[in-house]
Peer 1: 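Please read through the structure below; I'll follow up with questions.
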Amino acid sequence: MSKPQGSNVKERAKSALKDEFLIDAVKFTTEKLKNGKKAATEEHGNWEEWRERGRLIRAHTISHLDYYLSKFIENARAQGVHVHFAPEAKDAARIAIEIAKHRGAKSVVKSKSMVSEEVHINEAFEELGIESIESDLGEYIIQLANEPPSHIIIPAIHKNRYQIADLLSKEAGETLPPETKILAGFARRKLRDKFLEADIGLTGCNFGIAETGSVVIFENEGNARMVSTVPKTQITLMGMERLIPSWDDLEVMATLLPRSATGQKLTVYMSGITGPRREHDGDGPEEMHIIIVDNGRSLQLGDPEFQELLNCIRCGACLNACPVYRHIGGHSYPGTYSGPIGAVLTPALNKNTQEWHDVANASSLCGACYEACPVKIPLHDMLVYLRNRKVERGYTASGEKMAMKGFKMLMGSHKLFRKAVKAGQIGQKLLVRDGYIRSQIGPLKGWTAYRHIPALPKRSFREQWPGLSAEIEKSIQPMSGEMELRMEEIVQARRKGGGHA
Amino acid sequence: MKVSLFITCISDALFPPIGEAMAGLLARYGIRLHFPEIQTCCGQPAFNSGYWDEARASAKTILEAFDDSDFVIVPSGSCTGMVHHYYPKLFENDAVLFEKSNRLKEKTYEFTQFLVQVLGVTDVGAYFPHKVTYHPSCHGSRLLGIKEEPMQLMSHVEGMEFVPLPYAEDCCGFGGTFAIKMSEISGAMVEEKSQHVLETEAEVLVGLDMGCLLNIGGNLKFHDKPVRVLHLAELLYEGVKNREQTAGV
Ligand code: SF4
């Protein structure tokens, strides 16, 4: 099986859960990345303070995004960069195509860029007969498989080395052994020719530095450096939120990003590109374009519940930490981005229309994503906010609406709640065997397919309480003076505005 | 000093011995637990599903029930987290209830937090001669930072052999309505969790949240595994009674 099938998250997840290769591959690598991150952050020390610093930088930039964008654009233009703005995905593709036509380009070589996936740039080039080749090894693999990336950082995370060897063997026209070195060697030779032929180099952008109009790219393979130096024309696609104010701020990001993404202390290559090739430069493109992509990002600005989404630095740590992602892989999610960030970003960028409504349900709200996030984005809260907006827009099923009406009525009154529990105690009798309900039918079958339910005891706690409290009264001991004082102090502190968090 | 019990709907209906254990343990420190009957549920099932209006109806019973309490104690990190993190949000457009939710937040403690942070008790004097493992529920440990408290309490239980749970911090897959809506994913998560519990060969699985324990315990039962599943309050209370019996109190 290559890609999980189904029209919604639940169905695709069901199909993915049956694909042992996929699950094993995803578990293996996320586990490795998670452990790497843990070791790297512990070794670095004061991680919580670094996270807070990162959050502050991102939050500050995003709340003054208009200012930093204009600074960035002004400074990039001063360096001779052509800066374009793409309100939507299709605009980004159109601008890139115009540049390609203008330069008479026949081939494009790309380094890793999630935004390019988001705006479907490869398809756009191919329609025009322009060859567009991925040069990041993982991206190259999934391009050969004709699949989208299933992880922000490790696009081919869902493939094991045997599957990768099959794909590359087909391309090589000979059988390659499933050994990472040999496979990578083949890809490198193959791609080197493409670098030399390509008319356009297309890159992504990890950070845009507003104070100088520079583009910063983090990578491990050196391919982005080739992409941005060999071809005569460079196009950089940048999400409009990717900015930071200064090179000083980059230090914090360079600390947070590689450690969170892969557990590396430093990324292998970090390139800072300020404008096209100058007279005395040894290499670099003659012409450089930056396409700044909005595509739903500006919708989050000023939204108190979702603005922080723009703080994301696309490290993928939330995917690696997520128990749901680990079980279903990235292709079960809709849209380009997967895992917890994708579950929020995809609906948010797409105006929360009904089409995307079920992805926010694919979370147990365990908060592992928040804990992993280097810039502290509360994704677990945002998932609840998405669900709330869905309810407000009336996208939920009528059965669920009814059930919630029932909840409101019962839980709004302790008398009704008590009666309902009583009714349950009596009504369950037919279903209970040895103290458990094991039936696999009815509205709870999702639950009972994996678990038995303990029967309701004959009397609830509130029914037992009068008798119980009289009984417990007998064992009441005197309170120690010290304890009493502590409690008094806490209550006093609260009155003065203190109290616990 | 009015110390009140917020029993939570799930323990009220399904696990009454937890309330008994809390009341019994606290009695030994001179606390007469008070139980306001008008409480129902913290509102999470509706809140987490996005039905905030419905959640408010339920949450209001909690605001009212504990309005005049000095301390509110909850046998659940998840319901405590709901009060702490989401009540102020839920009532942000109602000045009176917003104020009440902020006051409630200040005085609401998860059970082990109260024992350790407020009473300063880490050794309840329990004797529990069994092999025990512990699942730290996500909301308690991640959102409220309850990590040390249960460990301190357990480390003082005499006769108990503690076995750490592999991948303890992984979610068990409960997630309220998630377990029904995304049952296959939730099912895979709980299967994995049970597997880890079984690897420890513990006789008892203990935790601080009955939602998660209903989930893991239900799955263990489904596979007919004889692991006893207890809330930590129950374990401690049983341990205290064991000790008192052997001492002839
Ligand atoms: S949300 Fe946080 S953890 Fe997830 S990719 Fe973005 S920065 Fe990384």
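Order of the sequence lines sets the chain letters (A, B, ...), proteins ahead of strands, with each chain counted from 1.
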Peer 1: Evaluate the side-chain proximity of A:His380 to B:His85: yes if any heavy-atom separation is below 4.5 Å, no if none is.
Peer 2: no
Peer 1: To the nearest 0.5 angstrom, please state how far the CZ atom of B:Phe222 sits from the OG1 atom of A:Thr448.
Peer 2: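 Rounded to the nearest 0.5 Å, the CZ-OG1 separation comes to 8.0 Å.
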Peer 1: Would you say the side chain of B:Cys41 lies within less than 4.5 Å of the side chain of A:Phe417, judging by non-hydrogen atoms?
Peer 2: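 They are not in side-chain contact.
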Peer 1: Does A:Arg393, at its CZ atom, have more than 12 non-hydrogen atoms belonging to other residues, nucleotides or ligands within less than 6.0 Å?
Peer 2: yes
Peer 1: Heavy-atom count around A:Lys376 NZ within 6.0 Å, excluding the residue itself: above 12?
Peer 2: yes
Peer 1: Where does A:Ala449 contact chain B at under 4.5 Å (heavy atoms): side chain, backbone, both or neither?
Peer 2: backbone
Peer 1: Side chain, backbone, both or neither: which part of A:Glu400 has an atom under 4.5 Å from a heavy atom of chain B?
Peer 2: both
Peer 1: Does atom CZ of B:Arg28 have more than 12 heavy-atom neighbours, drawn from other residues, nucleotides or ligands, at distances under 6.0 Å?
Peer 2: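 Atom CZ in B:Arg28 is crowded, with more than 12 foreign heavy atoms closer than 6.0 Å.
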Peer 1: Side chains of A:Arg387 and B:Tyr51: closer than 4.5 Å at any heavy-atom pair?
Peer 2: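 A:Arg387 vs B:Tyr51: side chains apart.
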Peer 1: Do you know which of B:Glu192, B:Arg103, B:Arg56, B:Glu191 has the most heavy-atom pairs under 4.5 Å to chain A?
Peer 2: B:Glu192
Peer 1: Hey, could you give me the CZ/CZ distance between B:Phe35 and A:Phe461, rounded to the nearest 0.5 Å?
Peer 2: 5.5 Å
Peer 1: Counting only heavy atoms closer than 4.5 Å, note whether A:Leu365 contacts chain B via side chain, backbone, both or neither.
Peer 2: both
Peer 1: Which bit of A:Ser413 is near chain B, if near means a heavy-atom gap under 4.5 Å: side chain, backbone, both or neither?
Peer 2: backbone
Peer 1: Based on non-hydrogen pairs under 4.5 Å, which of A:Val421, A:Leu456, A:Ile453 is most in contact with chain B?
Peer 2: A:Leu456
Peer 1: Are B:Asp170 and A:Arg326 ion-paired here, with the side-chain N under 4.0 Å from a carboxylate O?
Peer 2: yes
Peer 1: Is the number of heavy atoms from other residues, nucleotides or ligands under 6.0 Å of A:Lys14 NZ greater than 12?
Peer 2: no
Peer 1: I need the B:Met182 CE to A:Asn361 CG distance, nearest 0.5 Å.
Peer 2: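 Atom-to-atom, B:Met182:CE and A:Asn361:CG are 5.0 Å apart.
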Peer 1: Please flag which part of B:Lys60 lies under 4.5 Å from any non-hydrogen atom of chain A: side chain, backbone, both or neither.
Peer 2: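 No part of B:Lys60 comes within 4.5 Å of chain A.
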Peer 1: Let me know if A:Lys458 has heavy atoms under 4.5 Å from chain B in its side chain, its backbone, both or neither.
Peer 2: neither
Peer 1: Given 3.5 Å as the limit, does a donor-acceptor pair link the side chain of A:Arg462 with the main chain of B:Ile7, or not?
Peer 2: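 Flag not set: sc A:Arg462 to bb B:Ile7 has no pair under 3.5 Å.
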Peer 1: Indicate yes or no: at least one non-hydrogen side-chain atom of B:Ser183 is less than 4.5 angstrom from one of A:Lys10.
Peer 2: yes
Peer 1: Measuring heavy-atom distances to chain B, does A:Ser363 have an atom under 4.5 Å in its side chain, in its backbone, in both, or in neither?
Peer 2: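 The backbone, not the side chain.
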Peer 1: Picking from A:Lys405, A:His452, A:Glu463, which has the most non-hydrogen pairs under 4.5 angstrom with chain B?
Peer 2: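 Answer, by heavy-atom pair count under 4.5 Å with chain B: A:His452.
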Peer 1: In terms of heavy-atom proximity below 4.5 Å to chain B, should A:Pro454 be classed as side chain, backbone, both, or neither?
Peer 2: both
Peer 1: Does a salt bridge link A:Glu305 with B:Lys89, judged by any charged N lying under 4.0 Å from a carboxylate O?
Peer 2: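 B:Lys89 and A:Glu305: salt-bridged.
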Peer 1: How many angstroms lie between CD in B:Glu54 and CG in A:Leu410, if you round to the nearest 0.5 Å?
Peer 2: 12.5 Å
Peer 1: Looking at every non-hydrogen atom in both residues, tell me the closest pair between B:Ala188 and A:Leu17 and how far apart they are.
Peer 2: CB-CD2, 3.6 Å
Peer 1: Do B:Lys107 and A:Ile490 come within less than 4.5 Å of each other through their side chains, counting heavy atoms only?
Peer 2: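 B:Lys107 does not reach A:Ile490 side chain to side chain.
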Peer 1: Atom NZ of residue position A:Lys27 - does it have more than 12 heavy atoms of other residues, nucleotides or ligands inside 6.0 Å?
Peer 2: yes
Peer 1: Heavy-atom distance under 4.5 Å to chain B: side chain of A:Lys401, backbone, both or neither?
Peer 2: both
Peer 1: Are side-chain N/O atoms of A:Arg451 and B:Asn215 paired as donor and acceptor at under 3.5 Å?
Peer 2: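 The answer is yes; a qualifying pair exists.
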Peer 1: Are any non-hydrogen side-chain atoms of A:Met479 and B:Met1 less than 4.5 angstrom apart?
Peer 2: no
Peer 1: Check whether B:Pro17 gets within reach of chain A through its side chain, its backbone, both or neither, counting any heavy atom under 4.5 Å.
Peer 2: neither
Peer 1: Mind ranking A:Arg389, A:Lys408, A:Lys390 by heavy-atom pairs under 4.5 Å with chain B and telling me who comes out on top?
Peer 2: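 It is A:Lys408.
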Peer 1: Sort A:Glu488 into side chain, backbone, both or neither according to what part of it lies under 4.5 angstrom from a heavy atom of chain B.
Peer 2: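 For A:Glu488, heavy atoms of backbone and side chain both lie under 4.5 Å from chain B.
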Peer 1: Can you give me the closest heavy-atom contact between B:Phe178 and A:Ala362, atom names plus distance?
Peer 2: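 Smallest heavy-atom distance, with atoms named: CE1-C, 4.0 Å.
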Peer 1: Among A:Pro478, A:Cys366, A:Ser460, single out the residue with the greatest number of heavy-atom pairs under 4.5 Å to chain B.
Peer 2: A:Cys366
Peer 1: Looking at B:Gly175, B:Ser186, B:Gly187, which makes the most heavy-atom pairs under 4.5 Å with chain A?
Peer 2: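 Highest number of pairs under 4.5 Å: B:Gly187.
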Peer 1: Counting heavy-atom pairs under 4.5 Å to chain A, which of B:Ile18, B:Leu26, B:Ile31 comes out on top?
Peer 2: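 Heavy-atom pair counts peak at B:Ile31.
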Peer 1: Enter the distance from A:Gln477:CD to B:Tyr29:OH here, rounded to the nearest 0.5 Å.
Peer 2: 10.0 Å
Peer 1: Answer with side chain, backbone, both or neither: which region of A:Met483 has an atom nearer than 4.5 Å to a non-hydrogen atom of chain B?
Peer 2: side chain
Peer 1: Side chain, backbone, both or neither: which part of A:Arg486 has a heavy atom under 4.5 Å from chain B?
Peer 2: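 Side chain only.
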Peer 1: Taking every non-hydrogen pair under 4.5 Å, which of B:Pro45, B:Ser11, B:Gly173 racks up the most with chain A?
Peer 2: B:Pro45
Peer 1: Which pair of non-hydrogen atoms, one from A:Ile472 and one from B:Gly24, has the smallest distance, and what is that distance?
Peer 2: CD1-N, 3.9 Å
Peer 1: Does the side chain of A:Met487 come within less than 4.5 Å of B:Asp70's, by heavy atoms?
Peer 2: no
Peer 1: Quick check on B:Leu143 against chain A: is it the side chain, the backbone, both or neither that has a heavy atom closer than 4.5 Å?
Peer 2: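 Just its side chain gets close to chain A.
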Peer 1: So what's closer than 4.5 Å to chain B heavy atoms on A:Ile328: side chain, backbone, both or neither?
Peer 2: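 It is the side chain, since no backbone atom gets that close.
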Peer 1: Whether A:Glu371 and B:Lys147 form a salt bridge (side-chain N of Lys/Arg under 4.0 Å from carboxylate O of Asp/Glu) is what I want to check.
Peer 2: yes
Peer 1: Of all the heavy-atom pairs spanning B:Ala23 and A:Trp465, show the shortest one and how long it is.
Peer 2: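 Here B:Ala23 and A:Trp465 meet closest at CB-CZ3, 4.0 Å.
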Peer 1: Top residue by heavy-atom pair count (under 4.5 Å) with chain B, among A:Gly446, A:Gly412, A:Pro457?
Peer 2: A:Pro457
Peer 1: As an exercise, state the distance from CD1 of B:Ile185 to NE2 of A:His327, rounded to the nearest 0.5 Å.
Peer 2: 9.5 Å
Peer 1: Between A:Lys422 and chain B, which part of the residue has a heavy atom less than 4.5 Å away: side chain, backbone, both or neither?
Peer 2: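 Interface part for A:Lys422: neither.
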Peer 1: Check each atom of A:Ala455 against the heavy atoms of chain B and say whether the ones under 4.5 Å are side chain, backbone, both or neither.
Peer 2: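 Only the backbone of A:Ala455 comes within 4.5 Å of chain B.
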Peer 1: Among A:Arg459, A:Arg418, A:Gln464, A:Glu31, single out the residue with the greatest number of heavy-atom pairs under 4.5 Å to chain B.
Peer 2: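 Answer, by heavy-atom pair count under 4.5 Å with chain B: A:Glu31.
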Peer 1: Assess A:Arg494 against B:Phe71: is NZ or CZ under 6.0 Å from the centre of the six-membered ring, and within 45 degrees of the ring's axis?
Peer 2: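 Output yes; distance and angle both within limits.
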